[in-house]
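Here's the structure we're looking at; comments come further down.
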Amino acid sequence: MATSAPASITIPLQIDSVVKRFGEVIAVDGISLEVHERACLGLLGPNGAGKSTLIRSIVGRVRPDSGSVRVFGHPASSPAARQELGWVPQELALYPLLTGRENLDAFGRYQGLRGKALREAIQWCLEWASLSDRADSVVKTLSGGMRRRLNMAAGMIHRPRLVLLDEPTVGVDPQSRNRIFEMVEALRAEGTTVIYTTHYMEEAERLCDSIAIVDHGRIIAQGTKDELVAQSFGSRSDVLMRLDAAAPNAAAWTASRGGTLQDGVAHFPVDRPSDIASLLDAAARDGLNVIDLVLRRPNLESVFLQLTGRDLRQ
Amino acid sequence: MIAAIVRNGFRALRRDRGALILCFVLPVAFFSIFALVFGPMSGNSTPRVNVLVVDEDRSAASERLVGGLHRERALATDTRPETKAGEPAPPEYTAATAEAAVKRGTAPVALIIPAGFGANPISFAPAAGRKPIRILHDSSNPVAAQMVAGLLQKVAMTSLSGSMADLGMRYFALASGGLTPQQRQNLESSLVRMRDQAAQRDLNGDAPASANGDNVGGLVSVEMRDIVGENKKSPMIAFYAAGIGVMFLLFTASASGGSLLDEAESGALDRILSARVSMTTLLAGKLTYSMLLACCQLTLMFLWGAAVFHLDLFTHLPGFFVMTVATSFAVASFGMLLASFSHTRAQQAAIGTLLILTMSAIGGSMFPRFLMPETMKKVGLLTFNAWAIDGYTKVFWRDEPVSHLLPQVAVLIGFGVLLFLIARRFARRWESV
């Protein structure tokens with residue numbers, strides 16, 4: 001009689017109550033997270049939120065003080081977990097004086113690939129990254145976008161089932177960004193589970209089917225985009241009111257009305273469009289000059305601002 | 001405006017430790033090292049030349065000459081090998097054992113006073129039947145042989161004054177057609193007085209002051225022979241190939257080890273260590289690469305020496321191979337340690353330059369150790385350079401068998417293992433935290 005595999009082996013990523021301290025600083029404060037097969041989880045958080053430490057815990061570069069990280073049931077940093085996990089770091093972690101093909105060859109060998117398997121993996125990576133025609137160019141002669149794609153390919157050389165993409169579109173032009181989106185979508189179509197960190201909400205909205213927002217070492221919200229918006233705003237909409245930059249009391253005034261001020265724009269959640277009139281009346285009464293005003297359905301950026309009080313790119 | 005630019009320059013310099021070390025620490029360190037190496041070579045503290053003295057004659061003249069050599073401040077004379085603690089004194093050197101000792105590198109010069117020397121020790125002109133003093137030397141130290149030859153003439157003048165006067169009297173007698181009995185008696189009593197005074201000076205230890213290199217040649221007949229490099233076409237090439245080679249090997253190993261820092265900075269190190277590569281494997285791989293690169297460099301250096309400077313490489317291949325592997329391993333480990341210890345490329349460059357130039361200066365890459373004061377020679381043994389140069393010198397200069405390289409190889413490999421283990425310890429900072 002065939003026995004079914006334990007449930008944990010089929011779950012790409014299980015993080016259980018992970019805590020990591022650096023001296024007095026608690027970088028990760030009891031995070032628990034589960035990512036299911038074929039899912040794409042967007043991991044969002046401002047700088048210093050603990051995102052990088054969490055990522056490094058997953059790839060086995062940080063040892064948690066407590067809690068556990070398992071990749072397809074294997075402890076993080078175990079050989080089995082390393083085989084299942086692909087990591088594309090934010091930095092261009094490549095050998096600049098080697099060609100694209102030589103880089104893939106090197107990282108393939110570091111993953112234990114040899115011979116025909118390695119040659120096939122290199123071929124697949126070059127095609128996936130649309131770099132076949134530049135395979136023999138030295139990395140430092142490639143454009144920024146090409147280097148980014150090669151960086152991703154190097155993380156996929158061993159064809160992992162779970163891939164962690166850490167801000168893969170940093171510093172690339174819109175055309176290259178679209179190419180990277182297509183690469184991620186191709187991975188998802190093949191059934192690869194993806195964890196995607198970014199500072200760009202539109203990327204998370206486009207690519208991810210669930211999102212976890214990290215701040216102060218904790219996950220402060222998790223769910224689909226609609227779930228997060230509903231959790232934060234209910235049925236309310238978002239009013240964006242641009243105020244005269246010269247107004248000295250704009251921040252205090254915005255806060256007193258239940259909003260947050262970001263770059264001279266006051267964000268207010270409103271239940272009905274008619275609430276706009278009372279906001280405009282109050283602004284006029286308190287001597288604030290409103291330059292323009294927009295009513296919109298809240299998006300991830302609104303959620304992030306609402307939850308953290310900070311812009312994602314801060 | 002200019003003031004602002006100057007201020008910015010100094011502000012940036014203040015925060016760049018590597019540049020600060022290169023600007024201020026390195027020159028002072030080098031000044032100190034070279035002052036230590038070369039400073040004692042002037043004035044009264046000239047390093048003494050070690051000479052093995054063999055007196056086969058055992059005559060009064062030869063004993064006076066040996067005594068004079070012994071009192072000469074510029075020379076350190078040995079008539080027998082050093083006595084080991086708890087063992088009886090070894091027999092005095094013979095011509096054969098002294099020659100073997102020079103070939104081994106125990107001393108750069110041996111001076112053999114042949115039997116029969118005392119019968120006719122000096123001459124103002126070439127004379128038949130004189131027994132020449134033999135100076136056997138190692139031309140890897142060309143200064144020592146010339147210095148001993150010059151000082152020998154000087155010592156002969158001061159310690160064999162009686163013989164000189166005696167000879168002068170004979171010349172005078174020949175030239176003047178003979179002395180009267182009264183003249184002969186007066187001269188002989190003067191000679192006795194002169195010998196007594198010289199003997200008294202010897203007893204009191206009042207050696208004549210050492211001259212600084214002005215020698216009068218020809219009083220004592222001398223036969224000089226290079227017994228180590230006499231058959232070599234370009235005797236010093238192996239020394240320079242090893243000395244310069246090791247210094248540049250250290251620079252190369254430092255640079256190739258620094259790729260670890262580049263990879264750490266670019267994130268490639270994180271990516272490598274998150275794959276199936278352990279830190280020990282990574283360091284071992286880097287070490288092997290550095291070592292192979294160093295082997296190639298040394299091989300090129302010696303091949304060039306063979307092709308252009310007639311270095312006799314192909315008859316010394318086993319010794320060359322052993323020394324090259326041991327030296328390359330040691331310098332590669334040094335590169336690993338330097339990289340794993342440093343936190344930035346700038347820091348690595350500054351510390352590396354300081355260490356490499358220091359080791360090269362005191363280890364004999366820039367200036368032969370045999371010309372350094374004894375203390376500096378001993379300090380030099382703390383460097384790779386000294387052991388590597390000594391090993392290559394044994395191979396190419398002294399034609400010693402591979403088995404004689406054991407001390408050099410053991411020290412270089414030992415250094416290499418120790419440095420690699422320390423490097424591995426420092427590299428823990430790149431592992432999981």
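Each chain gets a letter, A, B and so on, in the order the sequences are listed, and its residues count up from 1.
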Quick check on [X]: does its [atom1] atom have over 12 non-hydrogen neighbours (other residues, nucleotides or ligands) under 6.0 Å away?
{"X": "A/Arg177", "atom1": "CZ", "value": "yes"}
{"X": "B/Phe248", "atom1": "CZ", "value": "no"}
{"X": "A/Phe22", "atom1": "CZ", "value": "yes"}
{"X": "B/Glu265", "atom1": "CD", "value": "no"}
{"X": "B/Phe341", "atom1": "CZ", "value": "no"}
{"X": "B/Arg425", "atom1": "CZ", "value": "no"}

Practice prompt. Answer with side chain, backbone, both or neither: which region of A/Ala76 has an atom nearer than 4.5 Å to a non-hydrogen atom of chain B?
Written response: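 Nothing of A/Ala76, per the 4.5 Å heavy-atom cut-off to chain B.
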
Fill in: A/Arg109 versus chain B, the contacting section by heavy-atom distance below 4.5 Å
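Contact with chain B: none, neither part.
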
Just how far is it from atom [atom1] of [X] to atom [atom2] of [Y], taken to the nearest 0.5 Å?
{"X": "B/Asp270", "Y": "A/Glu91", "atom1": "CG", "atom2": "CD", "result": "7.0 Å"}
{"X": "A/Ile58", "Y": "B/Ser274", "atom1": "CD1", "atom2": "OG", "result": "12.5 Å"}
{"X": "A/Leu92", "Y": "B/Ser266", "atom1": "CG", "atom2": "OG", "result": "8.5 Å"}

Fill in: Neighbourhood of chain B inside residues 114-132 of chain A, taking heavy atoms under 4.5 Å as contact
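Listed by number: none.
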
Discussion item. Please check: side-chain N/O of B/Arg271 versus main-chain N/O of A/Asn151, any donor-acceptor pairing under 3.5 Å?
Written reply: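 Judged by distance alone, yes, a pair lies under 3.5 Å.
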
Compile the donor-acceptor pairs under 3.5 Å between side chains in residues 25-32 of chain A and protein atoms, sequence neighbours left out, one pair per line.
| unit_1 | atom_1 | unit_2 | atom_2 | d |
| --- | --- | --- | --- | --- |
| A/Asp29 | OD2 | A/Arg218 | NH1 | 3.4 |
| A/Ser32 | OG | A/Ser17 | N | 2.8 |

Worksheet item: Within 45 degrees of the axis of the six-membered ring of A/Tyr110 and under 6.0 Å from its centre: does B/Arg276 put its NZ or CZ there?
Response: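 Judged by the rule, B/Arg276 and A/Tyr110 form no cation-pi pair.
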
Item to complete: Select, from B/Leu273, B/Asp262, B/Val277, the one with the greatest count of heavy-atom pairs under 4.5 Å involving chain A.
Response: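 Among the listed options, the one with the most contacts to chain A is B/Leu273.
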
Fill in: Minimum heavy-atom distance B/Ala275-A/Arg82, with the two atoms named
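Result for this residue pair: O-NH1, 2.5 Å.
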
